[in-house]
Amino acid sequence: MIVAKLAGSSREDCATRADELLQKMGLTHRKNAYPHKLSGGNGSGWRSPGR
């Protein structure tokens with residue numbers, strides 16, 4: 001959501017969009033998890049493309 005924030009979206013709009021995406025992907029239970037704390041399958045979607 002960093003891109004949305006840099007584009008001028010409010011913090012609330014960014015948080016709402018993030019929640020929508022987590023719900024769509026079925027990951028609402030992982031909302032506060034850091035990428036390194038996720039399992040391999042969950043974490044792979046959060047890694048940057050070069051890794």
* To do: Using side chain to side chain donor-acceptor pair (under 3.5 Å) as the criterion, list what pairs up with Lys31, not counting sequence neighbours.
  => Asp19
* By side chain to side chain contact (heavy atoms under 4.5 Å, CB included), which residues pair with Glu20, not counting sequence neighbours? -> Thr16, Arg17
* To do: Identify the heavy atoms of Ser9 and Asp13 that sit nearest to each other, and give their distance.
  => CB-CB, 4.4 Å
* Any chance you could measure Lys24, atom NZ, to Leu22, atom CG, to the nearest 0.5 Å? => 12.0 Å
